[in-house]
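So the structure is just underneath, and the comments pick up after that.
First the proteins, then the strands, lettered A, B, ... as listed; each starts at 1.
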Amino acid sequence: MKPFYVTTPIYYVNDRPHIGTAYSTIAADVLTRYQRLRGRQARFLTGLDEHGLKIARAAEAQGLTPQEFTDKMQLPFREAWQTLNCQPDDFIRTTEPRHKERAQALWKRIAERGDIYLGEYEDWYCVGCETFYTEKDLLPGNICPQHQRPVERIKESSYFFRLSKYTQPLLDFYEKHPDFVKPAARFNEVKSFVREGLRDLSVSRTSFRWGIPVPGDPQHVMYVWFDALSNYLSALGGPEEPGQAPLFDNYWPPSGEAMHIVGKDILRFHAVYWPAFLLSAGLEAPTQIWAHGWLTVNGQKMSKSLGNFLHPEPLAEVFGVDVLRYYLMRDMAFGQDGDFSHANLMARLNGELANGLGNLLNRVLASVVQKSFAGRIPVPAPSTRTSEDDLLQSEALRCATAAAEQLDHVAPQRALEAIWELVGAANRYVDRTEPWALAKRGETERLSQVVYSVLEVVRMLGVMISPFMPSKAEELRHQLGLDPLMATVSHDLWPSVWGGLPGGTLTRPGKPLFPRLDKDEERAALARLGITPDATTPASSDQQPAKPKAEKPKEKSKVSETAATENDGTITYEDFAKVELRVAEVLTAERVPKSDKLLQLSVNAGEAAPRQIIAGIAQHYAPEALVGKRIIIVANLKPRKLMGLLSQGMVLAASDDQGLCVTTVAGDVKPGSIVK
RNA sequence: GCCGAUGUAGCUCAGCCGGUUAGAGCGGGCGUUUCAUACGCGCUAGGUCGGAGGUUCGAGUCCUCCCAUCGGCACCA
């Protein structure tokens, strides 16, 4: 079996860890622990992205050097992973010398292939910031977000990577590696993106200094993705010639299997740019890229404006680290979007962990074993086995196999499902065999068998949950009187044979493994997190507040559609000379979802009903800034649908290379007035 | 607008290559045990399988169209 190498994204050091970053890090940790358990060599990398202008700025704002700043900002990440019991083998920071050096080595390799050339990069530039901005980053009206001043269109010298050259090679590569990107639907998106053709990629900047100097041209620093992506290699000491970097030789393909866990937002960089860089450098691409989805919180999107970023530490403190890990792995389908719901977490804690597994251990260990066997695990006689034991045993092995299969396919939620089938089977077994009745009747021989069977299953469960809940797994083993699990290479510990539990072992019954939360405790837990109970989304709730958003535009278009039928004399664009211009007052304005440029306006043009106009000015005007304005519209333009929304008319605007201004009237004129 | 995915019991979801009475978990209801963390176990819920056509002896399961939701791309008034 090839060594296993798993990575999380390197997180942007400017932020703090939140439930989303915790999710990918925990997933990587679970996979690593699982592979080790199976006797496979495994390495887990996480780290931080510490370069870029934003960092330099933030540092400056605090009166620190960028290095001092990132040295400080890295701590919450290290602490968070420690708190969450995630144990990466390496933690790379892009500001480390080892990274800079290897990133430059990768650059050189690619440059030697002739795939990097000097060109010009053009974008919006703010003199005040000495920075380029993409149109998306600008405030309406092409205003610099920092200085509130207009930006200029400017070119700077930049190195480019010949990405265009790799369009076909990438498509060929995808063809040969049908599992390169997971889930498959995401892979399709990647492919169709590449199929449309790739443009060369700007990979350096001269407008800021906080980055890795380009080899041979220190005026330039590497642009973020070149720098960032190379961390996966640099942390292994690569790229390097064979024999020079043992980790690289061992873990990177073809000798190892490398899996990148990424969020769906950065999939393109990993699935397109990264393999292209590697192809160019004559290196192997990673084995697989797993794009996981986004987490909402109690049905709501996490966003800066809502200020509802969920941080993992308080959750771990209130519910327990392992419970949080379990919940995240159990409730979210890996690769799909999921919802973090406090109510669901507590439901799973009580139902599956406390009542299901915790109580299973307790109901046998705390009573029967103590009373009938003086706290020792009994040694059953084979003759006392019945079909119930056969059934339980085969269930145990079946579930163990199923769970392993699911984990091999990176489906932690399904693996846990399979494991909990065994929890159910074990509880049923106890009910059917009634150990308490056997004890009463003094049938000690049979009781030995029953107790042993249950505890053997519990032992197996302890092994299987250990990647997910390492501490609880140890606690469970401790209560069974077993030593901590020690994973070693080439030694598969996953349950595959019955009877691993040594009879005669002195057990150590303790507190319930997973204390149950009663209603009051649930309320208290939520209170400690500053959450009101009705803010959570119980699994059974159907009152999700996602609807009004979708309904609004619908109502509007209905209204304006009727207005349209009354409005005859429509003309086409070619008949522009016949244009009918009117003054209209903007009643409402909002962005068209999923569109960068379109605004949906509702205007009063002096008619019975307001009309809807879709205007391509979103990059120049904030919706709020338009409300109340008297603008001039083309009132009799033939209605047309834009992104599914009916536009009845056109907003007149003047534009030059500095930006765009909607036309308005100088005086106070009634809406609907004709403009001549 | 183009491309893709999804739409199955109150909730979350399984249902492979079309085939007997459409499933699981949770929640709800009923019952039951008493070893256990008032835990467990059993039974139950009568869901137009988004809608309409079609192919077929037979369709959640294939085809067409429509609707809704979500993504990717595109962006024009």
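By the 6.0 Å and 45° rule, A/Lys191 does not stack over the aromatic ring of A/Phe193.
Position along RNA chain B of the nearest nucleotide to A/Asp337 versus A/Val430 favours A/Val430 as the more 5'-ward residue. Comparing A/Val364 and A/Gln336 against RNA chain B, the residue whose closest nucleotide sits nearer the 5' end is A/Gln336.
If you measure from atom CD of A/Gln479 to atom C1' of B/A36, you get 13 Å, rounded to the nearest angstrom. For the pair A/Lys264 NZ and B/G72 C1', the interatomic distance rounds to 10 Å; values are reported in whole Å. Rounding to whole angstrom units, CZ of residue A/Arg186 and C1' of B/G71 are separated by 6 Å. Here B/A5 presents its P atom at 15 Å from NZ of A/Lys182, a figure rounded to the nearest Å. Summarising the geometry, the separation between CD on A/Glu434 and C1' on B/U32 is reported as 11 Å, rounded to the nearest angstrom. In this structure, A/Lys519 places its NZ atom 13 Å from C1' of B/A38, rounding to the nearest Å. In this entry the distance linking CG of A/Leu357 with P of B/C39 reads 16 Å, nearest Å. Rounded to whole Å, the distance from CD on A/Glu352 to C1' on B/G27 is 13 Å.
Remark: side-chain polar atoms of A/Asp339 are paired, donor with acceptor, to backbone N or O of A/Gly299 under 3.5 angstrom. Side chain of A/Asn604 to main chain of A/Leu587: no donor-acceptor pair is present (N/O by atom type, distance under 3.5 Å, no hydrogens or angles). Using modelled atom types, no side-chain atom of A/Asn350 and backbone atom of A/Arg516 make a donor-acceptor pair closer than 3.5 Å.
Among the protein residues, A/Leu361 comes within range of no part of the nucleic acid, since none of its heavy atoms lies under 4.0 Å from any strand. Among the heavy atoms of the strands lying under 4.0 Å from A/Ser367 are primed sugar atoms or P, OP1, OP2 only; no base atom is included. Using a 4.0 Å heavy-atom distance criterion, A/Ala354 is classed as a base contact. Within 4.0 Å (heavy atoms only), A/Asn427 reaches sugar-phosphate atoms of the nucleic acid but no base atom. Within the nucleic acid shown, A/Glu196 comes within 4.0 Å of sugar-phosphate atoms alone, with no base atom in reach, counting heavy atoms only.
Annotation: B/C49 and B/U20 have their P atoms spaced 16 Å apart (nearest Å). When the P atom is used for both B/C66 and B/A74, the distance is 25 Å, rounded to whole Å. For the C1' atoms, the distance from B/U48 to B/G40 is 38 Å, rounded to whole Å. Annotation: B/G42 and B/U6 have their C1' atoms spaced 36 Å apart (nearest Å). B/A52 and B/C70 have their C1' atoms separated by 23 Å, with the value rounded to a whole Å.
Contact between the side-chain N/O atoms of A/Asn344 and the OP1/OP2 oxygens of B/U12 is not found at any separation under 4.0 Å. The side chain of A/Arg516 contributes an N or O atom lying less than 4.0 Å from OP1 or OP2 of B/C39. For the pair A/Arg268 and B/C73, the criterion of a side-chain N or O lying under 4.0 Å from OP1 or OP2 is met. At B/G4, none of the side-chain N or O atoms of A/Asn188 fall inside 4.0 Å of OP1 or OP2 (strictly under the cut-off).
Inter-residue side-chain proximity for A/Tyr326 and A/Ile465 is flagged as unmet; no heavy-atom pair is nearer than 4.5 Å.
Taking the six-membered ring for Trp and thresholds of 30 and 60 degrees, A/Trp225 and A/His270 have ring planes more than 60 degrees apart, a perpendicular arrangement. Classified by interplanar angle (parallel below 30°, tilted 30° to 60°, perpendicular above 60°), the ring pair A/Tyr23/A/Phe334 is tilted.
Because its glycosidic torsion is more than 90° from 0, B/G42 is reported here as anti.
The side chain of A/Asp431 has B/C41 as its nearest neighbour among B/G71, B/C39, B/C41. With distances taken from any side-chain atom of A/Asn355 to the nucleotides B/G71, B/C35, B/C39, the minimum falls on B/C39.
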message = For Watson-Crick and G-U wobble pairs within 3.5 Å on both distances, what is RNA chain B written in dot-bracket notation, | included for inter-strand pairing?
response = (((((((..((((.....[...)))).(((((.......))))).....(((((..]....))))))))))))....

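Side-chain rings of A/Phe173 and A/Tyr166 stay apart, their centers remaining 6.0 Å or farther from each other. A ring-centre distance under 6.0 Å is not found for A/Trp274 and A/Phe269.
A donor and an acceptor atom sit less than 3.5 Å apart, one in the side chain of A/Asn359 and one in the base of B/A36.
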